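Remember, predicted model here, so these are calculated numbers, not experimental data.
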Amino acid sequence: MKGLELLSKNNRLYPYIYGIVTAVMFSSFLYLEHFGITIKPLNTFTALTSLALLLYAPKKAILTFGFLVGLLWFYWISFSFKYYGVGYIAPLVVVGFGFIYMAFFGILALTKEIYIRAILLFGLSFFEPLDFNWMQLELLFVESYIGIFKYQLALVLVALTLPNYINKPFRFAPLLLIVFALNYTSTKSEDAPLKIKLESTNIKQADKWEQENLKPTVKLIYAKISDAIQNGYDIVVFPESVFPLYMNKNPLLIEELLRASHKITIIAGSLEHIDFKSYNVTYVFNDGKYLVAKKMVLVPFGEYIPLPEFMRDFINDTFFGGASDFKTADAPTDYTIKGVTFRNAICYEATCSEIYDGDVKYVIAMSNNAWFEPSIEPTLQNLLLKFYARKNGVTIYHSANY
């Protein structure tokens with residue numbers, strides 16, 4: 001009886017319970033995937049149900065939902081702050097993201113009209129709070145039977161909205177529209193006609209930049225290059241900043257890698273420092289020459305502060321010690337290896353639409369997820385990569401630390 005009382009609309013806890021249930025269903029696919037569980041029928045059910053619950057939710061439930069989704073999806077962002085020496089603000093960061101997404105979804109609470117909520121929710125799928133685009137509503141469908149394109153999201157929202165405006169006995173007939181939102185196309189990736197070795201590493205972020213770990217790291221990279229050569233690979237790809245140094249300040253290391261590049265193309269992340277500016281870069285060593293691909297899209301609050309200049313400088317100097325000031329390239333970098341062209345992507349930018357502009361067939365991406373270990377961040381990133389690969393018809397080769 002107590003359980004039924006809690007579910008009664010007259011109970012003051014009802015909207016909060018409603019919001020919690022909706023947030024859990026909305027996030028369940030992400031946590032299941034994190035533990036290696038992919039059940040498409042279940043993911044389809046929870047995606048559709050959570051969106052329906054959100055459209056018809058009491059106002060307080062929407063705010064509760066938004067706050068919890070902010071926590072469930074992005075709690076891990078706070079983990080990186082300890083590496084800047086400001087780990088004490090981590091709880092504030094977690095709560096802050098809760099309030100950001102409470103406000104993000106809270107716009108739905110401004111009206112009780114279901115069709116207006118559906119329009120607003122569809123509009124939110126184009127909006128990126130603080131220039132951070134990892135809240136993609138279509139992600140709910142990546143490992144489901146629903147398609148990931150905007151028109152399919154729109155069809156789902158229309159199908160879930162119309163029953164509110166149709167009388168019995170045809171009230172639920174609009175749900176048949178969901179049939180037209182199903183994914184009927186296969187998503188087989190087309191491999192590049194080259195043998196590519198993707199190297200993973202497990203170097204803790206706390207150890208990565210310690211001077212005594214530099215030589216063991218370089219030796220590990222050399223060993224992996226030698227192994228790839230012996231096994232006949234054309235390309236070996238290493239994670240973001242696998243060389244924890246300014247590569248352009250280490251000519252002897254560049255010389256060694258150039259020598260090895262006559263036998264195999266080496267693609268590795270590092271840093272570059274030019275004219276008092278720092279760049280997060282990819283070095284491509286190929287046939288005795290090298291190319292430097294600078295990152296184009298920076299991580300909000302990690303590599304730049306998405307706030308007005310007076311606030312940006314204060315936060316950067318106070319909390320990041322001036323570290324969050326990387327510079328960017330003006331355009332994506334393409335490079336051709338043995339006649340095959342690849343688009344370069346470094347971590348966050350591999351999940352940004354700008355990287356897929358133009359004629360792109362293959363993307364080589366690299367990440368350092370040790371900033372957020374252990375968390376769901378690599379799982380969320382992987383789902384986003386699947387989303388962009390399918391949406392743009394490209395194949396992504398991804399090498400990651402952690």
* **Side-chain donor/acceptor of Asn43 to backbone N/O of Phe29, under 3.5 Å** => no
* Quick one: are Leu30 and Leu383 in side-chain contact, heavy atoms under 4.5 Å? -> yes
* Hey, mind stepping through Tyr83 and Phe81 against ring pair (Phe, Tyr, Trp, His ring centres under 6.0 Å) and telling me if it holds? -> CA-CA 5 Å; Tyr83 301 112; Phe81 283 77; over 10 Å; no
* To do: Ignoring hydrogens and angles, tell me if any N or O in the side chain of Arg343 forms a donor-acceptor pair with the backbone of Val363 under 3.5 Å.
  => no
* Ring centres of Phe126 and Phe122 under 6.0 Å apart? -> yes
* So which of Ile266, Leu253, Val242 actually passes side-chain contact (heavy atoms from CB on, under 4.5 Å) with Ile221? -> Val242
* **Non-neighbouring partners of Ser270 that pass side chain to side chain donor-acceptor pair (under 3.5 Å), sequence neighbours left out** => none
* Test item: Ile355 and Met296 side chains (from C-beta on) under 4.5 Å apart, heavy atoms -> yes
* **Tyr16, OH atom: more than 12 neighbouring heavy atoms under 6.0 Å** => no
* To do: Sorted by first residue and then second, give each ring-ring contact (aromatic ring centres under 6.0 Å, His included) pair with at least one member in residues 44-63; sequence neighbours left out.
  => none
* Between Glu272 and Ser278, does any side-chain donor sit less than 3.5 Å from a side-chain acceptor? -> no
* To do: Determine whether Ile364 and Tyr362 make a side-chain contact, defined as any pair of heavy atoms from C-beta on separated by less than 4.5 Å.
  => no
* Asked: Just by distance, do the side chain of Arg171 and the backbone of Ile166 share a donor-acceptor pair under 3.5 Å?
  -> yes
* **Any side-chain donor near an acceptor of the partner, Thr185 and Asn183, under 3.5 Å** => yes
* **Verdict with reasoning, Leu155 to Ile178, per side chain to side chain contact (heavy atoms under 4.5 Å, CB included)** => CA-CA 7 Å; Leu155 278 172; Ile178 293 173; over 6 Å; no
* To do: Pick out which of Thr282, Leu291, Val292 makes a side-chain contact (heavy atoms from CB on, under 4.5 Å) with Asn344.
  => Thr282
* For the pair Tyr18 and Tyr14, name the ring-plane relationship: parallel under 30°, tilted 30 to 60°, perpendicular over 60°. => perpendicular
Without placing hydrogens or testing angles, list every side-chain donor-acceptor pair under 3.5 Å for residues 141-149, not counting sequence neighbours.
residue, atom, partner, partner atom, Å
Glu143, OE2, Lys386, NZ, 2.7
Ser144, OG, Phe141, O, 3.0
Ser144, OG, Ile146, N, 3.0

* Asn250 side chain to Tyr246 backbone, donor-acceptor under 3.5 Å -> yes
* side chain to side chain contact (heavy atoms under 4.5 Å, CB included) assessment of Asp334 paired with Phe342 -> CA-CA 6 Å; Asp334 293 337; Phe342 296 90; over 6 Å; no
Could you tabulate the donor-acceptor pairs under 3.5 Å formed by side-chain atoms of residues 190-200, not counting sequence neighbours?
residue, atom, partner, partner atom, Å
Glu190, OE2, Lys361, NZ, 3.1
Lys195, NZ, Asn231, O, 2.8
Glu199, OE1, Lys224, NZ, 3.3

Considering only distance and modelled atom types, tabulate donor-acceptor pairs under 3.5 Å from the side chains of residues 90-108, sequence neighbours left out.
none

* **Within 6.0 angstrom of Asp359 CG, more than 12 heavy atoms from elsewhere** => no
* Asked: Can you name the residues that form a side chain to side chain donor-acceptor pair (under 3.5 Å) with Asn133, not counting sequence neighbours?
  -> Tyr348, Tyr388
* Taking only residues at least two apart or on different chains, which pairs with a member in residues 57-78 satisfy side chain to side chain donor-acceptor pair (under 3.5 Å)? -> Ser27-Trp73
* To do: Any chance you could lay out the side-chain hydrogen bond (donor to acceptor under 3.5 Å, both in side chains) test for Gln381 and Thr351, step after step, and finish with the verdict?
  => CA-CA 7 Å; Gln381 181 191 47; Thr351 61; over 6 Å; no
* Report yes or no: do Asn286 and Ser261 form a side-chain donor-acceptor pair below 3.5 Å? => no
* To do: Taking the side chain as every heavy atom from C-beta outward, state whether Leu157 and Tyr115 have any atom pair closer than 4.5 Å.
  => no
* Start with the C-alpha gap between Phe79 and Phe372, add the side-chain angles, then the distance that decides, and say whether ring pair (Phe, Tyr, Trp, His ring centres under 6.0 Å) holds. => CA-CA 5 Å; Phe79 291 7; Phe372 312 109; 7.8 Å; no
* Asked: CZ of Phe35: more than 12 outside heavy atoms within 6.0 angstrom?
  -> no
* Passing option when Met25 is tested against Leu54, Leu140, Thr49 for side-chain contact (heavy atoms from CB on, under 4.5 Å) -> Thr49
* Check: Asn401/Thr201 side-chain N/O donor and acceptor closer than 3.5 Å -> yes
* Using distance alone, with no hydrogens and no angle criterion, decide if Thr22 and Ser50 have a side-chain donor and acceptor under 3.5 Å apart. => no
* Asked: Is any side-chain N of the basic residue among Arg259 and Glu255 closer than 4.0 Å to the acidic one's carboxylate O?
  -> yes
* **Residues, nucleotides or ligands: over 12 heavy atoms within 6.0 Å of Phe170 CZ** => no
* pair Leu68-Val24: side-chain heavy atoms closer than 4.5 Å -> no
* Determine whether the aromatic ring centres of Trp371 and Tyr84 lie less than 6.0 Å apart. => yes
* Distance-only polar pair, side chains of Asn368 and Gln205, donor-acceptor under 3.5 Å -> yes
* Non-neighbouring partners of Lys150 that pass side chain to side chain donor-acceptor pair (under 3.5 Å), sequence neighbours left out -> Ser125, Glu138
* side chain to side chain donor-acceptor pair (under 3.5 Å) with Thr217: which residues, sequence neighbours excluded? -> none
* Any salt bridge between Lys295 and Glu349, counting N to O under 4.0 Å? -> no
* To do: Quick one: do Ile337 and Asp234 satisfy side chain to side chain contact (heavy atoms under 4.5 Å, CB included)? Show the steps, please.
  => CA-CA 9 Å; Ile337 300 167; Asp234 298 299; 5.9 Å; no
* Asked: With sequence neighbours left out, what residues match Lys391 under salt bridge (Lys or Arg N to Asp or Glu O under 4.0 Å)?
  -> none
* To do: Indicate yes or no: at least one non-hydrogen side-chain atom of Leu32 is less than 4.5 angstrom from one of Ile39.
  => no
* Asked: Taking atom CD of Gln211 as the centre, does the number of heavy atoms from other residues, nucleotides or ligands within less than 6.0 Å exceed 12?
  -> no
* Return the set of residues passing side chain to side chain contact (heavy atoms under 4.5 Å, CB included) with His34 (not counting sequence neighbours), or none when no residue passes. => Ile376, Thr379
* Structure fact -> Sorted by chain and number, sequence neighbours left out, ring pair (Phe, Tyr, Trp, His ring centres under 6.0 Å) with Tyr31 holds for none
* Asked: Taking the side chain from Lys208 and the backbone from Ser241, do they hold a donor-acceptor pair closer than 3.5 Å?
  -> yes
* **Ile254 side chain reached by Tyr290 side chain, heavy atoms, under 4.5 Å** => yes
* Asked: So do Phe67 and Leu63 actually touch side chain to side chain, heavy atoms under 4.5 Å?
  -> no
